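In this text the structure is predicted, and so the values were computed from the model without any measurement. Residue numbers begin at 1 in each chain, while the letters A, B, ... track the order of the sequences.
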Number of protein chains: 2
Amino acid sequence: MNVATDTRSRIIAAAKPRFHSRSYANVGIQEICESAGVQKGSFYHFFPSKRDLVMAVIDEFADEWAHGFVAEAFDPALPPMERIDYLVDAAYFWQKSIKQVHGRMLGCIFGNLTLEVSTQDDILRAKLLAIFSRAKSRFKATLEEAVAAGTIAPLDADLTAEAMLAYLEGVILLAKSQNDPEVIYRLGPAIKTLRVEKAA
Amino acid sequence: MNVATDTRSRIIAAAKPRFHSRSYANVGIQEICESAGVQKGSFYHFFPSKRDLVMAVIDEFADEWAHGFVAEAFDPALPPMERIDYLVDAAYFWQKSIKQVHGRMLGCIFGNLTLEVSTQDDILRAKLLAIFSRAKSRFKATLEEAVAAGTIAPLDADLTAEAMLAYLEGVILLAKSQNDPEVIYRLGPAIKTLRVEKAA
DNA sequence: ATGCTAGTTGACCGTTCGGTAAAATGCAAG
DNA sequence: CTTGCATTTTACCGAACGGTCAACTAGCAT
């Protein structure tokens, strides 16, 4: 069982950076297997299909974020609005370090996959949507706390949270188009100027 | 020459909706040729490579926008800030009509392609970057006009323009993840709340 | 020791991929 | 009437694609 777990996670470990740095369609099972030192038949013992692999990869990225930067950023000890700054900073430093190692800005794997596959695979789209939905909830709770604390004027927390998430993804997209994480540094802080007023 | 032009444009016409609704990697030359009623050898007479085709497709989309919605939105007769509203509205109605016909929200082809290929093909990335750069210029000029007219308080027009473009792309991304153009309707108007202050 | 099962192997499936080359066709200018 | 060029056709290339299958191995419980 330990060996089994190891093979499975070696496959995922080989797939992660590839899906992140290229695209879903551009990464083949064969390449992943070679890199993981696993036979193709063995791959299909653990994953019924390529889609199931990428779902596992999505989960791993999500967990990594949830227990890493996101947990740090949304620390209840921090003043609410500073959490958002922290998150944007984290995105910036992460992309910057990736570029230093890899030579390229890879962007957000959830955004990347969303635009690539969501017209072709509703199951993947739903998976990605769930990730975004959780992210939005974090923003929303933070905004509600900030409003309650009087840090910011009352607003529509739900829509503003969604707007902030959209902005973050958009900034990362633009940064990727320039292959330059500094775009995140320059544009990121403006996230706090976004506001959707409460409906009358 | 007329026949030649026709073949070439039939190829592009077949390729456009496919690249828009699926992805670069997922659309094959063969399929495009079949749909256009063109032989593969004939395809390679007009396009040296698949990449050259997608560049032509990008140009067509860019022209279509530039002479359509964008020209309408950035009408100098309109008050500057209303132009931005107009553009967001145009994006909304366009995506909505696409969904009515096609059943899916396809999003922005420039954003889609950017996230898919920009780590793998610097020439395509540069092409897409140029598109974004022009779009940003439109926003910037509009913002400068609004500041000059006293409609909005002075700000860093360059960075705010970039932020607005990022936000628009992000909103479309999120809408695509939900396969729902109404997201653009709900979040779009908040674009005007974005501000980057002038550096001291 | 035997039988069951999870895991592994490597060969194989048909299909599609982007791209090539040579021969055939159509057409227009000299 | 012929030369020359742009266009088109057809057949083909090697490689890669996602996925399947039957045979084999190893470990563990009865």
Side-chain angles (χ1 to χ4, degrees), chain A residues 1-58 113 116-125 127, chain B residues 1-58 113 116-125 127:
Chain A
M1 192 210 266
N2 213 5
V3 178
T5 305
D6 181 63
T7 299
R8 202 188 120 97
S9 60
R10 266 195 350 259
I11 292 171
I12 293 177
K16 268 179 75 180
R18 285 173 171 79
F19 283 136
H20 192 196
S21 70
R22 311 226 289 282
S23 71
Y24 179 62
N26 197 59
V27 177
I29 309 283
Q30 191 170 313
E31 178 193 346
I32 291 168
C33 289
E34 280 164 15
S35 156
V38 162
Q39 235 59 32
K40 201 188 273 194
S42 208
F43 172 93
Y44 279 98
H45 176 74
F46 291 98
F47 300 97
S49 72
K50 188 184 183 183
R51 182 215 271 160
D52 290 276
L53 169 64
V54 84
M55 296 239 259
V57 167
I58 291 169
L113 287 173
E116 181 181 358
V117 308
S118 65
T119 54
Q120 309 176 56
D121 189 322
D122 274 326
I123 294 176
L124 282 181
R125 186 175 63 79
K127 181 108 197 160
Chain B
M1 193 212 266
N2 214 3
V3 177
T5 306
D6 182 62
T7 300
R8 200 189 123 98
S9 60
R10 272 201 339 267
I11 292 172
I12 293 177
K16 267 180 76 181
R18 285 173 172 78
F19 283 136
H20 192 198
S21 69
R22 310 226 292 282
S23 71
Y24 180 62
N26 198 58
V27 177
I29 309 283
Q30 190 169 309
E31 177 192 347
I32 291 168
C33 288
E34 278 163 15
S35 156
V38 162
Q39 235 58 34
K40 199 188 271 196
S42 210
F43 171 93
Y44 279 99
H45 176 74
F46 290 98
F47 300 97
S49 71
K50 187 184 184 184
R51 182 214 271 160
D52 290 276
L53 168 64
V54 84
M55 296 239 260
V57 167
I58 290 169
L113 287 174
E116 180 181 358
V117 308
S118 65
T119 54
Q120 307 175 56
D121 189 322
D122 275 325
I123 294 176
L124 282 181
R125 186 175 63 78
K127 181 110 197 160

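Residues A:Ile12 and A:Phe47 come closest through the heavy atom pair CG1-CZ, 3.8 Å. Shortest non-hydrogen contact noted between B:Ala56 and B:Arg8 is CB-NH2, 4.1 Å. When all heavy atoms are compared, the tightest approach of B:Ala36 to B:Arg10 is O-NE, 2.9 Å.
Under the salt bridge (Lys or Arg N to Asp or Glu O under 4.0 Å) criterion, the residue pairs touching residues 42-51 of chain B are B:Arg51-B:Asp121, with sequence neighbours excluded.
Counting to the nearest Å, the P atom of C:dC12 and the CD atom of A:Gln39 are 14 Å from each other. Nucleotide D:dA16 holds its P atom 15 Å from the CD1 atom of A:Ile32, rounded to whole Å. Atom C1' of nucleotide D:dT8 and atom CZ of B:Phe43 are separated by 15 Å, given to the nearest angstrom. Residue A:Glu34 contributes atom CD, which lies 15 Å from atom C1' of C:dT9 at whole-angstrom precision. Atom CG of B:Asp52 is separated from atom P of C:dG18 by 14 Å (rounded to the nearest Å). Spacing between atom NZ of A:Lys50 and atom C1' of D:dA16 amounts to 11 Å, rounded to whole angstrom units.
With sequence neighbours left out, B:Asp52 forms a side chain to side chain donor-acceptor pair (under 3.5 Å) with B:Ser49. Listed by chain and number, the residues in a side chain to side chain contact (heavy atoms under 4.5 Å, CB included) with A:Val54 are A:Phe19, A:Tyr24, A:Leu113, A:Leu124 (sequence neighbours excluded). Applying the ring pair (Phe, Tyr, Trp, His ring centres under 6.0 Å) rule to A:Tyr44 yields no partners; only residues at least two apart in sequence or on another chain are considered. In this view, A:Ser21 and A:His102, A:Leu106 satisfy the side chain to side chain contact (heavy atoms under 4.5 Å, CB included) rule, not counting sequence neighbours. Contacts of A:Lys40 classified as side chain to side chain donor-acceptor pair (under 3.5 Å), with partners at least two apart in sequence or in another chain: none. Every residue two or more places apart in sequence or in another chain that forms a side chain to side chain donor-acceptor pair (under 3.5 Å) with B:Asp122 is listed here: A:Arg104, B:Arg125. With sequence neighbours excluded, the residues forming a side chain to side chain donor-acceptor pair (under 3.5 Å) with A:Lys16 are A:Glu64, listed by chain and number.
Here B:Gln30 lies in heavy-atom contact (under 4.0 Å) with sugar-phosphate atoms only.
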Protein-nucleotides 22-24 of chain D N/O pairs under 3.5 Å:
none

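Taking five base pairs at each end of the helix from C:dA1-D:dT30 to C:dG30-D:dC1 and finding the rotation axis that steps the C1' atoms of four pairs onto the next four gives two axes whose angle is 10°, to the nearest 10°.
Between the base of C:dG19 and the side chain of B:Lys40 there is a donor-acceptor pair shorter than 3.5 Å.
For A:Tyr44 and D:dT20, the shortest distance from a side-chain N or O to OP1 or OP2 is not below 4.0 Å. When the side-chain nitrogen and oxygen atoms of B:His45 are compared with OP1 and OP2 of D:dT8, none of them lie within a distance under 4.0 Å. At the phosphate of C:dG18, neither OP1 nor OP2 sits under 4.0 Å from any side-chain N or O atom of B:Ser49. Remark: A:Thr7 is in phosphate contact with C:dT8, judged by side-chain N or O atoms under 4.0 Å from OP1 or OP2.
For residues 13-29 of chain B, proximity to DNA chain C is found at B:Val27, B:Gly28, B:Ile29, defined as any non-hydrogen atom under 4.0 angstrom from a strand atom.
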Which donor-acceptor pairs under 3.5 Å do side chains of residues 26-34 of chain B form with protein atoms, sequence neighbours excluded?
| unit_1 | atom_1 | unit_2 | atom_2 | d |
| --- | --- | --- | --- | --- |
| B:Asn26 | ND2 | A:Gln120 | OE1 | 2.7 |
| B:Glu31 | OE1 | B:Arg22 | NH2 | 2.7 |
| B:Glu31 | OE2 | B:Arg18 | NE | 2.8 |
| B:Glu31 | OE2 | B:Arg22 | NH1 | 3.3 |
| B:Glu31 | OE2 | B:Arg22 | NH2 | 3.3 |

